[in-house]
Amino acid sequence: MKSNPDSASVYFEKSQKIIDPDQSFIQYTILLREKAKLQEQQNKLRQALKLYQEIEQLATDRENDKSYLDARIDQAKILLKLNNIDEAKPIVNEIANSDLTPLYFLNCQSQDTRSKFLGSDRAIR
């Protein structure tokens with residue numbers, strides 16, 4: 001099946017009008033992230049960066065650490081692709097000094113996996 005970015009963009013726009021970020025935060029941020037990935041594939045890096053910044057703001061408003069960290073990582077990646085080292089550096093430092101546990105634990109499938117990561121005495125029960 002051949003990809004059609006223009007058609008996808010139309011459907012992303014329609015979806016954004018239908019999904020309410022207040023009622024469906026996770027679905028809305030997934031939509032924005034997928035839209036940003038499409039922008040990246042089309043080398044529209046500034047547009048992708050704006051979408052990741054929008055996700056960051058939504059996550060900040062809702063105190064959602066995982067979405068916030070994901071958005072900051074994506075922003076740093078785009079800034080590095082744009083060769084904006086000075087802009088990316090504080091974001092990378094912020095990420096390096098952050099507790100990355102939300103990124104890991106939300107993807108864990110079992111207690112055993114968490115135990116292996118933290119050690120059995122520190123695993124969340």
Side-chain angles (χ1 to χ4, degrees):
M1 185 165 155
K2 191 172 183 178
S3 173
N4 184 343
D6 293 330
S7 179
S9 293
V10 169
Y11 285 102
F12 279 128
E13 294 301 322
K14 288 181 180 181
S15 298
Q16 271 186 270
K17 291 176 183 174
I18 296 170
I19 300 172
D20 179 3
D22 293 326
Q23 297 296 317
S24 303
F25 170 76
I26 298 298
Q27 289 79 6
Y28 191 77
T29 57
I30 290 170
L31 173 71
L32 292 181
R33 179 164 280 107
E34 292 302 317
K35 185 177 177 183
K37 287 179 187 178
L38 177 65
Q39 299 295 332
E40 284 184 68
Q41 290 171 357
Q42 295 178 300
N43 207 33
K44 297 178 180 178
L45 300 178
R46 292 271 174 212
Q47 290 171 324
L49 181 62
K50 287 180 184 179
L51 290 167
Y52 292 130
Q53 290 168 336
E54 184 177 346
I55 295 168
E56 174 197 349
Q57 186 58 55
L58 289 168
T60 299
D61 293 346
R62 285 157 189 78
E63 297 180 1
N64 186 303
D65 292 341
K66 182 186 183 316
S67 293
Y68 175 84
L69 287 168
D70 283 340
R72 295 300 277 169
I73 290 167
D74 291 329
Q75 287 174 50
K77 179 181 68 174
I78 295 294
L79 289 167
L80 291 170
K81 285 182 180 181
L82 290 168
N83 205 29
N84 291 349
I85 308 299
D86 291 338
E87 282 185 71
K89 192 181 291 188
I91 297 172
V92 171
N93 288 336
E94 174 191 349
I95 294 164
N97 292 316
S98 295
D99 175 11
L100 301 180
T101 306
L103 296 178
Y104 182 79
F105 281 106
L106 291 175
N107 293 318
C108 284
Q109 296 299 315
S110 69
Q111 177 67 31
D112 292 336
T113 305
R114 289 188 293 271
S115 296
K116 287 176 187 172
F117 177 70
L118 290 176
S120 59
D121 59 325
R122 293 183 55 202
I124 295 176
R125 304 205 188 275

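For reference, positions follow the sequence shown, starting with 1.
- Annotation: side chain of Asp70 is not in contact with side chain of Ile55 (no heavy-atom distance under 4.5 Å).
- Closest non-hydrogen pair, Ala59 versus Tyr68, comes out as CB-N, 3.4 Å.
- The shortest side-chain heavy-atom distance between Asn64 and Thr29 does not fall under the 4.5 Å cut-off.
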Evaluate side-chain contact (heavy atoms from CB on, under 4.5 Å) for Leu58 paired with Leu32, printing each intermediate quantity in order. CA-CA 11 Å; Leu58 289 168; Leu32 292 181; 3.9 Å; yes

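- Residue Gln57 holds its CD atom at 9.5 Å from CZ of Arg62, rounded to the nearest 0.5 Å.
- Of all non-hydrogen atoms in Tyr52 and Ala36, the two that sit nearest each other are CZ-CB, 3.4 Å.
- When all heavy atoms of Ile78 and Leu45 are compared, the pair lying nearest together is CG2-O, 3.5 Å.
- Between the CZ atom in Arg72 and the CG atom in Leu79 there is a gap of 9.0 Å [rounded to 0.5 Å].
- Atom CG of Leu69 and atom OG1 of Thr101 lie 9.5 Å apart (nearest 0.5 Å).
- The neighbour count for Asp86 CG, taken as heavy atoms of other residues, nucleotides or ligands under 6.0 Å away, does not exceed 12.
- Between Gln27 and Leu31, the closest side-chain pair of non-hydrogen atoms is not below 4.5 Å.
- In this structure the side chain of Lys50 never reaches within 4.5 angstrom of the side chain of Gln39, judged on heavy atoms.
- Only one option out of Glu34, Lys35, Gln42 pairs with Leu38 in a side chain to side chain contact (heavy atoms under 4.5 Å, CB included); it is Gln42.
- In this structure, Glu54 and Leu51 have side chains that are in contact, with non-hydrogen atoms separated by less than 4.5 Å.
- With a 4.5 Å cut-off on side-chain heavy atoms, Lys81 and Glu40 count as touching.
- Within the 4.5 Å cutoff, side-chain heavy atoms of Ile95 are placed close to those of Leu100.
- Rounded to the nearest 0.5 angstrom, Glu56 CD and Asp74 CG are separated by 11.0 Å.
- Remark: Ile73 CD1 to Ser98 OG distance equals 8.5 Å, nearest 0.5 Å.
- In this structure the side chain of Arg46 reaches within 4.5 angstrom of the side chain of Leu49, judged on heavy atoms.
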side-chain contact (heavy atoms from CB on, under 4.5 Å) for Gln75 and Val92? Distances and angles first, verdict last. CA-CA 9 Å; Gln75 287 174 50; Val92 171; over 6 Å; no

